[in-house]
Amino acid sequence: MSDAVRVRFAPSPTGYFHVGSARTSLFNWLYARQTGGTFVLRIEDTDAERGRQEWLDSIISAMAWLGLTADEGPYRQSEAEGRHRDLAEKLYAAGFLYACDCSRDDIDARTKGNATPGYDGHCRERGVARTESTALRFKVPHDGGTTIVDDQVRGQVAFPHAAMEDFVAVKSSGAPLFALANAIDDRDMAITDIIRGEDLLPTTPKQLLLWEALDTVDVVVPLPRFAHLPMLVNEQRKKLSKRKDPVAVESYRDQGFLPDAFVNYLALLGWAPKGDQEMLSRAELVEQFRLADVQSSPAFFDVAKLTHFNGEYIRALSLEDFLAAVLPWIEPDKADWSPEGYVTPWDLQHFDAGRFAEMAPLVQERIAVMSEAPSMVDFLFLPDPPFEETAVDKVLKSEKAVSILEAALAAYREIPFEAAALHEATLAFSEELGLKLRITQAPVRVSVTGRQVGPPLFEAMALLGRDEVVRRLHLGLELARS
RNA sequence: GCUCCCAUCGUCUAGCGGCCUAGGACGCCUCCCUUUCAAGGAGGUAGCACGGGUUCGAAUCCCGUUGGGAGUGCCA
């Protein structure tokens, strides 16, 4: 039995939380849950230039939304700065690092035509004195050897030392750079498994070298296992970009995706369960997920499939749960959260929760994301139907519209105003007109709801009541005649 | 340029030498159901990048080619 698993998710707050980070976070979380391990959240906030509080908030709230709760943290990397500097000093004192006063331009000018690109080791043996403008570079061993990354998803990956430059480990300010700070934290937090994006694979050998060096100046810490997850890419097969691609997790929350659906879909990016069942509950994911079965090729984030999953999840909700989940788009004043800047199409004074609840099961069946709900029911709460121009042009201006609406008005005058009777009455006058129900319902629908598509018509009319339906049919008639 | 990674339907994937005339899911198309739209049901479309090996046998193993991607910052 190996020691207890400790994994960490270590985002830097330099942008909103995006789907790639969410996937990395999820895989860490799944692995922790299934091994009974600990999921640590560490915020790598040492880049004061780019880090912002709002991005941090975004990470925390998006993870909470997805239900990826940390067992420890959030720790802030900046809090360990003293520790980082201390170890950097020890590394320097022990000869693993050397001072370098080259500027980027110096280096570029010198190495322009070199076969081996990158820093050329110019200061390695020069004995440059440390000043406030010298960085500290790591002395990559010139031993002709290789560093091997033993990766759970990729196997053994070898990096020849000859191709590794003496990278900067400590800034001239004295603060360690990512590779060092990150390794020190992983050591100090006793992380056993590093699960992160494939983009970090090339920096892993550097961290391994650093790790060995740190072992000699500090306590010896067993090497963690590594797992580099495949990239998430866009249609162009390029790494998802925060600027160009719609990847903000919040935007999916705002559109009305369900966290469980989102998590389920995300889990399928780079991993697949045994068998043909793709819709898996959180518990099933935790149970079935296998890090070793993670794919090594990049995956495209397919919103169409996500949307399908979401529709399935919505339909699977109990009425009660559906009402709760759709609340932010229907009655935002009653919800504890709703999308920023969102307002309902109707005046909240005119909203009728009872009416909505009656319509809800019909809505639930028809939407794939919650934000589609308002347009399905707005006609119920708006003083006049929200007439769509194309619907008016195509349906109300059609040849038969006037006679159909007149027939409807006559037919609905005295019948009991409930769905079944309305259905029957409509069927009856359709027959008299020699038209199919699919034809006659159209102008009635547009008159009553303003749209060509929507929830079942007769249920909607029953809810509205005879007086209002009659009034709207007259509105439709006016439009039809104009 | 250099280092590294990757390669099964349009997309996500199953497949880990014979069960594959390659399975599932999304998408798309057709039909059925039907008061619109959905949902549901029944079908269909479409793939092992290429070339060499190894083997009785390769989508599966090896090599190469091609193609894609990542990294190459005193960012993380």
Side-chain angles (χ1 to χ4, degrees), chain A residues 10-15 44-47 49-51 77 100 102-104 113-119 133-137 149 151 154 157-160 162-165 167-179 181-182 197-205 228 230-231 233 235-239 265 268-279 295-309 311-312 315 362-368 376 395 419 422-423 426-427 430 436-442 444-446 449 451-459:
Chain A
S12 63
T14 54
E44 310 226 323
D45 59 348
T46 50
D47 185 355
E49 291 281 304
R50 297 193 301 154
Q77 185 166 64
C100 168
C102 298
S103 71
R104 190 70 243 172
N114 281 8
T116 320
Y119 184 68
S133 60
T134 52
L136 258 28
R137 288 183 181 272
V149 178
D151 193 275
R154 274 151 228 284
V157 185
F159 294 85
M164 284 167 72
E165 62 174 336
F167 57 92
V168 175
V170 182
K171 301 181 206 180
S172 51
S173 68
L177 244 15
F178 168 75
N182 180 268
E198 185 191 349
D199 48 343
L200 269 339
L201 185 55
T203 76
T204 306
H228 286 93
M231 221 84 239
V233 297
E235 300 89 320
Q236 286 80 241
R237 297 258 123 202
K238 297 241 199 296
K239 176 177 164 179
Y265 176 69
L268 266 23
L269 257 21
W271 175 77
K274 301 287 177 209
D276 289 340
Q277 180 69 18
E278 284 192 328
M279 308 278 285
Q295 189 109 28
S296 45
S297 51
F300 170 66
F301 184 83
D302 185 3
V303 180
K305 186 160 179 174
L306 201 213
T307 303
H308 174 264
F309 268 55
E312 296 272 3
R315 272 170 255 126
L362 302 174
V363 173
Q364 188 177 355
E365 262 181 68
R366 285 170 171 74
I367 60 175
M376 299 234 54
V395 177
L422 284 160
H423 188 182
T426 309
L427 226 35
S430 298
K436 289 249 197 307
L437 183 54
R438 55 178 296 120
I439 302 298
T440 52
Q441 62 88 35
V444 176
R445 175 183 295 281
V446 174
T449 72
R451 308 177 195 277
Q452 290 179 92
V453 302
L457 180 59
F458 306 119
E459 284 80 352

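Since the model is a prediction, treat every value here as computed from it, not as a measurement. All chains are named by letter (A, B, ...) in the order of the sequence lines, taking the proteins before the strands, and each is independently numbered beginning at 1.
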Margin query: Can you tell me how the ring of Phe309(A) sits relative to the ring of Tyr265(A), calling it parallel under 30°, perpendicular over 60° and tilted otherwise?
Written below: perpendicular
What is the nucleic acid contact for [X], judged by heavy atoms within less than 4.0 Å: base, sugar-phosphate only, or nothing?
| X | answer |
| --- | --- |
| Ala158(A) | sugar-phosphate |
| Leu200(A) | base |
| Pro205(A) | nothing |
| Leu269(A) | sugar-phosphate |
| Ala299(A) | sugar-phosphate |
| His423(A) | base |
| Arg104(A) | sugar-phosphate |
| Gln364(A) | nothing |
| Gly275(A) | nothing |
| Glu235(A) | nothing |
| Ser172(A) | base |
| Glu278(A) | base |
| Lys238(A) | sugar-phosphate |
| Ser133(A) | base |

Round to a whole Å and report the spacing from [atom1] of [X] to [atom2] of [N].
| X | N | atom1 | atom2 | result |
| --- | --- | --- | --- | --- |
| Phe178(A) | C75(B) | CZ | P | 13 Å |
| Leu177(A) | U72(B) | CG | C1' | 14 Å |
| Arg237(A) | G68(B) | CZ | P | 13 Å |
| Glu365(A) | G40(B) | CD | C1' | 9 Å |
| Phe309(A) | G24(B) | CZ | P | 16 Å |
| His308(A) | G24(B) | NE2 | C1' | 13 Å |

Item checked: From CA spacing to verdict: side-chain contact (heavy atoms from CB on, under 4.5 Å), Phe301(A), Leu306(A) -> CA-CA 8 Å; Phe301(A) 184 83; Leu306(A) 201 213; 4.0 Å; yes
Checklist line | Donor/acceptor link under 3.5 angstrom from Arg366(A) side chain onto base of U36(B) | finding: yes
Checklist line | Glu198(A) (side chain) and G69(B) (base): donor-acceptor pair under 3.5 Å | finding: no
Contact under 4.0 Å: [X] side-chain N or O vs [N] OP1/OP2:
| X | N | answer |
| --- | --- | --- |
| Gln295(A) | A14(B) | yes |
| Arg445(A) | U36(B) | no |
| Lys239(A) | G71(B) | yes |
| Lys274(A) | G15(B) | yes |
| Lys171(A) | G73(B) | no |

Look at the side chain of [X] and decide which nucleotide, out of [options], has an atom nearest to it.
| X | options | answer |
| --- | --- | --- |
| Pro160(A) | G27(B), A76(B), U3(B) | U3(B) |
| Asp276(A) | C26(B), A70(B), G23(B) | G23(B) |
| Arg154(A) | G71(B), C75(B), C5(B) | C5(B) |
| Phe458(A) | U35(B), C74(B), C5(B) | U35(B) |

So, does [X] use its side chain to make a donor-acceptor pair with the main chain of [Y] at under 3.5 Å?
| X | Y | value |
| --- | --- | --- |
| Arg237(A) | Val233(A) | no |
| Thr449(A) | Val446(A) | no |
| Arg154(A) | His228(A) | yes |

With [atom1] as the reference atom in both, quote the distance from [N] to [M] in angstrom, rounded to an integer.
| N | M | atom1 | result |
| --- | --- | --- | --- |
| G68(B) | G44(B) | P | 36 Å |
| G18(B) | C6(B) | C1' | 28 Å |
| A46(B) | C9(B) | C1' | 5 Å |
| A76(B) | G15(B) | P | 39 Å |

Checklist line | Pairwise side-chain contact, Val168(A) with Tyr119(A), heavy-atom cut-off 4.5 Å (strictly under) | finding: no
Check: So do Thr203(A) and Phe167(A) actually touch side chain to side chain, heavy atoms under 4.5 Å?
Finding: no
Notebook entry, point to check: With nearest nucleotides of RNA chain B determined for Asp302(A) and Met376(A) from heavy-atom distances, which residue corresponds to the more 5′ nucleotide?
Noted result: Asp302(A)
Margin query: Need to verify one output field. Residue with the more 5' nearest nucleotide on RNA chain B, Pro176(A) or Val157(A)?
Written below: Val157(A)
Margin query: Could you identify the nucleotide paired to U72(B), looking across every strand shown and requiring Watson-Crick or G-U wobble geometry with both distances under 3.5 Å?
Written below: G1(B)
